[in-house]
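From a predicted model like this one, the values you see are computed outputs, not experimental measurements. Protein chains get the first letters and strands the later ones, always in sequence-line order, with residue 1 at the start of each.
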Amino acid sequence: MRARGGRPDDLHGIYRRSLGLQGSWNPARMQNLGLAVAMLPWLRRSGAAPAELRRFCRRHLEFFNTNPYCANLLLGGLVRLESDNLRGGATPVRTLTMFKDSLGRALASLGDQFLWLGLQPALMLLAVLSAWPGLVWPPLLVVGLFAVTQLLLRHRALLIGYDLGLDIVDLLGSPRWHRAIWTAKRLGALLTGVLAGMTAVSSWSRLGDPGGGTTVLGAALALAAALALRRRWPGEGLLLALVPLALLLSCL
Amino acid sequence: MSPPEIAAWWPQLAATVLLGALLVLDDTAYAQTWLSQPVCGGVLAGLIWGHPGAGLALGLTVQLLSLGNLPVGQAFVGERVGPLLGAVGAAAAAGWNPGLPFGGPGAEAGRLGWLLLAVALGSVLGDQLIRRERVWHTRLVAGAMRGLREGRVEVLERAHRASLAGVAVRGALTTLAAWCLVALLWIPAYDLLPARAVAALALLPWFAPAVAIGSLVELYGSRAGARWIAGGAAGTLAAAWVLARLGAS
């Protein structure tokens with residue numbers, strides 16, 4: 001079913017389902033079911049024969065994994081190629097599978113670098129620092145703004161992906177990706193410095209209090225332990241491992 | 001906390017359990033808006049219980065702990081949402097107000113440390129629950145693929161819906177379980193702790209920024225990143241010095 005501009009009129013339905021891409025994430029095939037389910041209603045409405053429907057599902061139930069925030073670019077492209085094929089287009093299944101796999105890997109790499117290793121730590125640091133004086137609303141505003149923006153961008157990515165089809169690959173060469181990753185990581189590093197500075201100021205202001213010296217010593221030792229063990233330990237595990245240190249310091 | 005007292009809190013508890021289900025869905029399964037991040041989850045739970053400050057204190061501290069836990073690959077994810085929401089609700093119901101995490105000494109800091117310990121334990125245990133849930137998803141997908149071989153396409157949607165519902169139920173149940181455990185066992189046990197243990201607990205919130213800085217230095221600590229970290233720290237210290245001088249004059 002197609003609407004004005006050549007796009008299917010149920011891209012909004014695909015978008016709603018695409019938000020649950022990771023809903024059935026599994027260690028064996030990761031996002032495969034989420035991807036297939038996102039496209040199913042569109043395929044049904046496109047009037048595909050039952051045999052074609054089953055072939056389509058089998059094709060998309062293979063291993064699939066990408067960054068969920070970038071996935072819609074790929075999803076839009078896939079819908080475009082599949083719908084072209086249904087209308088008698090000539091994208092071979094092998095090309096379609098290669099497109100899905102290679103683009104999925106590339107978007108996973110770019111998305112992880114930008115989102116998980118760049119933007120998320122930076123934005124959450126911003127939320128933490130904005131709440132540091134005890135303000136309740138700034139972290140909600142920071143994250144709320146991100147939430148709305150990313151939802152809009154994911155919708156836009158689906159439309160762009162559909163419009164570009166195989167040409168999405170050209171987008172990946174854009175230097176904007178690397179500029180965005182660089183900026184997010186540098187912002188995160190800068191805010192890490194701000195956090196260190198604010199922790200130092202808060203510790204300094206406690207030095208005059210009873211037990212203030214022990215607190216500062218504890219924070220310094222915890223930092224040393226975190227730097228030494230950082231590669232292996234998640235934050236919660238590290239805190240639990242530091243409980244004996246806190247007990248030891250309380251004896252001072 | 002007596003049964004009538006618990007009964008009086010049921011509207012807030014029900015709202016917190018619902019919030020737990022929604023935020024756990026948001027965490028990985030649906031939309032991923034980051035509203036499930038601890039600093040937001042804590043505040044939202046605090047708003048439900050009429051103590052947003054208590055939610056902020058605990059949420060901010062847990063957020064610092066988890067800044068280095070990145071959901072890349074099959075790394076440790078932790079189940080922070082349920083334990084955090086449950087702990088915030090239980091603290092509010094018990095009349096605990098942990099105050100600012102890095103405010104000052106006293107009983108409040110010890111209480112915050114005690115709650116922080118509960119959330120950290122819950123998160124580590126909950127991680128195992130998430131891993132099991134994912135194995136269950138594998139089974140659901142395998143079942144759906146068998147159904148597909150028999151020609152039933154609708155089993156795919158059913159399996160996906162079951163996965164999403166399972167995640168939401170996990171969120172609701174972990175939040176409820178955390179609230180019950182913290183309200184009925186963990187908070188009453190605080191009064192039995194020796195003074196030395198309370199003093200040790202008061203130190204724990206101070207470990208959170210240290211853990212955050214350690215993990216973020218790992219993340220950004222290339223030569224170029226180190227310059228930006230040093231610049232941020234130097235700028236903050238300079239700004240604090242200027243503000244202190246202005247305040248003194």
Any idea which heavy atoms bring [X] and [Y] closest together, and the distance?
X      : Y      : result
A/A226 : B/A210 : CB-O, 3.8 Å
B/F207 : A/A219 : CE2-N, 4.1 Å
A/L33  : B/A159 : CD2-CB, 3.8 Å
A/F146 : B/Q32  : CE2-O, 4.2 Å
B/L237 : A/G197 : CD2-O, 3.8 Å
A/V194 : B/T236 : CA-OG1, 3.2 Å

Using non-hydrogen atoms and a 4.5 Å limit, figure out which bit of [X] sits close to chain B: side chain, backbone, both or neither.
X      : answer
A/L61  : both
A/P133 : backbone
A/Q120 : both

Is [X] in contact with chain A via its backbone, its side chain, both, or neither, using a 4.5 Å heavy-atom distance?
X      : value
B/A240 : side chain
B/R80  : side chain
B/L25  : neither
B/L204 : both
B/L203 : side chain
B/L164 : both
B/L47  : side chain

Steps toward side chain to side chain contact (heavy atoms under 4.5 Å, CB included) verdict (A/L240, B/L121):
CA-CA 8 Å; A/L240 296 176; B/L121 276 169; 4.0 Å; yes
I'd like to check [X] versus [Y] (side-chain heavy atoms, cut-off strictly below 4.5 Å). Are they in contact?
X      : Y      : value
B/L216 : A/L125 : yes
B/V211 : A/L242 : yes
A/S202 : B/W206 : yes

Strictly less than 4.5 Å between heavy atoms, which residues of residues 35-42 of chain B line up against chain A? Please order them by number.
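So the qualifying residues are B/L35, B/Q37, B/V39, B/C40.
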Starting at [atom1] of [X], measure out to [atom2] of [Y] and round the result to the nearest 0.5 Å.
X      : Y      : atom1 : atom2 : value
A/L191 : B/I229 : CG    : CD1   : 10.5 Å
B/W228 : A/T192 : CH2   : OG1   : 12.5 Å
B/M145 : A/N32  : CE    : CG    : 6.5 Å
A/W132 : B/L64  : CH2   : CG    : 6.0 Å
B/R134 : A/Q22  : CZ    : CD    : 8.0 Å

Derivation and outcome, side chain to side chain contact (heavy atoms under 4.5 Å, CB included), residues B/I213 and A/L195
CA-CA 7 Å; B/I213 294 164; A/L195 174 68; 3.8 Å; yes
I'd like to know whether B/N69 forms a side chain to side chain contact (heavy atoms under 4.5 Å, CB included) with A/E236, so could you lay out the CA-CA distance, the side-chain angles of the two residues, the decisive distance to 0.1 Å, and finally the verdict.
CA-CA 9 Å; B/N69 303 355; A/E236 293 92 325; 2.7 Å; yes
Carefully, step by step, assess A/L247 and B/R196 under the rule side chain to side chain contact (heavy atoms under 4.5 Å, CB included).
CA-CA 7 Å; A/L247 285 166; B/R196 211 169 282 288; over 6 Å; no
Give me the ring orientation class for A/W116 and B/W34: parallel if the planes are under 30° apart, tilted from 30 to 60°, perpendicular past 60°.
tilted
Strictly by ring pair (Phe, Tyr, Trp, His ring centres under 6.0 Å), give each pair with a member in residues 132-160 of chain B just once, sequence neighbours left out.
none
Most chain B-contacting option - heavy-atom pairs closer than 4.5 Å, from A/G237, A/S203, A/G144:
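Looking at each of A/G237, A/S203, A/G144 in turn, A/S203 comes out on top.
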When only pairs under 4.5 Å are counted, which of A/A28, A/A224, A/P139 shares the most heavy-atom pairs with chain B?
A/P139
Over 12 non-hydrogen atoms of neighbours within 6.0 angstrom of CZ in A/R16:
no
Who pairs with B/H51 by side-chain hydrogen bond (donor to acceptor under 3.5 Å, both in side chains), at least two apart in sequence or on another chain?
none
Which residues satisfy the salt bridge (Lys or Arg N to Asp or Glu O under 4.0 Å) test with B/E157, sequence neighbours excluded?
A/R17, A/R44
